[in-house]
Amino acid sequence: MSTTSWHAPHDLLEAYAEGRLDAVLGASLERHVESCAECRAAIRPLSDLRLLDDAWSEVRSRLESPEPTRPVRLAQRLGLADSTGVLLSAATSLRLAWLTGSVVALGFALVATLLAAGDALWPFLLVAPLVPVLGVAAAYGGSEEPFEALAATTPYGRARLVLVRTLGVVIGTLPPAALLGLFVPGPGWVAAAWLGPSLAMVLVLLALAAYIGPWPAGATLALLWCGIVVLSIRRLTPTWPVEATQQTVYLALAAAAVAVLVVRSRRTHRIGVAL
Amino acid sequence: MNVTLAGIGKDYGATRALEDVDLTLDTGVTGLLGPNGAGKTTLLRIVATSIAADRGRVRLLGQDPSAGHGELTDIRRGLGYLPQELGYPGDMTTFGFVEYVAVLKEWDERRARHREVRRVLDLVDLSDLSTKRVSRLSGGQRRRVGLAQAMIGDAALLVLDEPTTGLDPAQRAALRRTLDVAAHESTVLLSTHQTEDVAALCERVVVLAGGRIRFDGSVLDLVATAAGQVWLADADVPGAPVSWRTGTGRYRVVGGGRPPAAEAAEPTLEDAYLLMLGPEARTPLPA
């Protein structure tokens with residue numbers, strides 16, 4: 001019901017609907033329209049309902065849609081698709097707790113390396129390559145888990161989802177790990193050389209997980225890597241696990257893992273078993 | 001036909017879950033009724049492309065799901081699936097969970113995706129809880145979140161495994177209205193072990209027991225199979241195939257011939273269902 005005898009002239013309402021009024025006049029008119037049924041009725045046909053609907057929709061989206069995690073926001077600024085960001089925000093590996101845990105583990109490994117006498121690099125070399133591997137295993141989701149069963153029946157597909165989650169782990173763990181690697185004593189190339197076995201193990205994990213599951217695959221690789229590092233401490237040089245000859249082996253393993261994934265996804269006609 | 005199953009079979013180790021199942025479905029709501037272990041979930045998972053059949057021929061939305069990745073993806077674009085148990089990862093909100101599934105269903109454009117999420121949340125009356133964490137919702141509310149994600153994109157094939165679990169009568173009535181609308185354009189296949197759900201929600205009923213289809217027809221036709229075989233007696237009837245004491249204190253007797261001094265009763269869907277299920281129907285077949 002109208003509570004005033006004054007009514008806004010048509011051209012004023014039109015200017016308001018078109019967004020041509022300044023903030024003070026606009027706010028004043030809004031106040032009046034809120035309490036004046038006649039002016040509300042007069043402004044309705046002047047309003048662009050689609051624009052209003054879009055604006056209201058955007059307000060609701062801001063309120064209802066979950067805020068992407070910090071690493072995802074960063075990745076989106078660098079060009080990551082909005083929809084992929086939604087998937088990554090939900091990935092365990094990109095949650096703050098996981099990231100904090102990863103960085104703390106790497107930090108301890110770095111401190112242990114710095115405190116160790118001489119050129120002992122083993123604490124860092126033991127931990128750093130395994131952080132992304134275990135991150136991928138955690139982000140995988142077992143095929144029998146209730147949510148994974150649903151995800152497997154969507155056009156996006158479980159295999160693609162696993163690969164996106166893997167990308168999430170790489171986004172989330174590699175930059176801090178690479179940064180900490182710069183402080184590792186010894187030859188400078190070690191700071192980057194651990195990425196070779198790490199990325200190879202991520203691919204082998206993806207290939208192996210299709211057969212034995214992500215966690216057994218992750219555990220197998222962790223044990224193997226620990227064995228290699230321990231062997232190098234006792235019998236070989238501290239940098240042996242990441243030296244050039246071994247890097248070619250990791251490259252070959254990575255290529256073999258990719259081949260297994262490609263062949264498996266092409267040959268299998270069973271539903272939802274590519275990864 | 002949106003769904004054609006011919007001679008479908010599925011084994012889990014030594015247990016035969018489904019054997020020689022033939023089923024064709026077009027638009028409308030079909031209820032899959034059967035006791036626990038009858039093979040309902042296995043059948044729904046095959047129709048939802050979650051698992052493959054071991055034997056037989058499957059065609060969904062005009063395509064063969066085992067033909068290749070492209071065909072499978074095409075089918076999944078027209079599919080909405082509510083699994084019997086649905087996990088809600090981590091600390092997702094109602095809106096966040098449905099949006100996540102919307103992305104998996106290729107709703108890539110943000111504004112359109114948000115509108116669709118709001119539409120399906122409205123359908124299941126959960127708009128007011130969109131920012132609440134799913135882990136803090138009641139069982140019935142969570143079930144409705146599951147229904148909302150299945151409704152994304154007006155799926156041509158809706159596969160709902162026990163959608164009424166945890167819903168109160170008002171919510172069941174709302175679900176019925178929603179499915180009625182969906183069934184004009186879509187094929188809806190839902191499972192339940194509640195006969196009242198089938199009577200309320202479905203025009204067609206398929207009774208599954210021991211991995212085989214025991215009945216396939218309209219609800220009224222199923223009820224008619226019990227005509228002349230239901231009685232009300234003043235005392236319990238030893239040896240009757242099925243009998244129980246009703247709220248009025250009289251005994252409802254289904255099958256096995258008319259007891260002395262009993263009066264005939266109008267059969268219900270539950271009577272027909274119980275009459276149809278023999279003890280052997282509850283036991284999985286050996287592979």
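If you're wondering where the values come from, they're calculated on a predicted model, not measured in any experiment. Because only heavy atoms are used, hydrogens play no part in the values below, and waters and symmetry mates are left out as well, while side chains stay in.
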Can you list the steps and then say if B:D108 with A:D82 is a side-chain contact (heavy atoms from CB on, under 4.5 Å)?
CA-CA 8 Å; B:D108 291 335; A:D82 162 74; over 6 Å; no
A side-chain contact here means heavy atoms from C-beta on lying under 4.5 Å apart; do B:Q149 and A:L150 qualify?
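They are in side-chain contact.
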Distance (rounded to the nearest 0.5 Å) between B:R118 CZ and A:R60 CZ
5.0 Å
Just by distance, with hydrogens left out, do A:E64 and B:T131 show a side-chain donor and acceptor under 3.5 Å apart?
no
Note: A:S83 and B:V103 closest approach over all heavy atoms is O-CG1, 3.4 Å
Got a sec: does the [atom1] of [X] have more than 12 other heavy atoms crowding it under 6.0 Å?
{"X": "A:D22", "atom1": "CG", "result": "yes"}
{"X": "B:D125", "atom1": "CG", "result": "no"}
{"X": "B:R136", "atom1": "CZ", "result": "no"}
{"X": "B:R57", "atom1": "CZ", "result": "no"}

side-chain contact (heavy atoms from CB on, under 4.5 Å) between A:V86 and B:R113: does it pass, once the steps are laid out?
CA-CA 11 Å; A:V86 172; B:R113 184 174 69 238; 3.6 Å; yes
Check each atom of B:R110 against the heavy atoms of chain A and say whether the ones under 4.5 Å are side chain, backbone, both or neither.
both
Counting only non-hydrogen atoms closer than 4.5 Å, does B:L79 touch chain A with its backbone (N, CA, C, O), its side chain (CB onward), both, or neither?
side chain
Heaviest contributor of heavy-atom pairs below 4.5 Å to chain A, chosen from B:R111, B:K105, B:E99, is B:E99
Side chain to side chain contact (heavy atoms under 4.5 Å, CB included) partner of A:T153, the single match among B:I51, B:T49, B:V47, B:V159
B:T49
Between the main-chain N or O of A:A152 and the side-chain N or O of B:R76, is there a donor-acceptor pair closer than 3.5 Å?
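The answer is yes, because a donor-acceptor pair under 3.5 Å joins these two groups.
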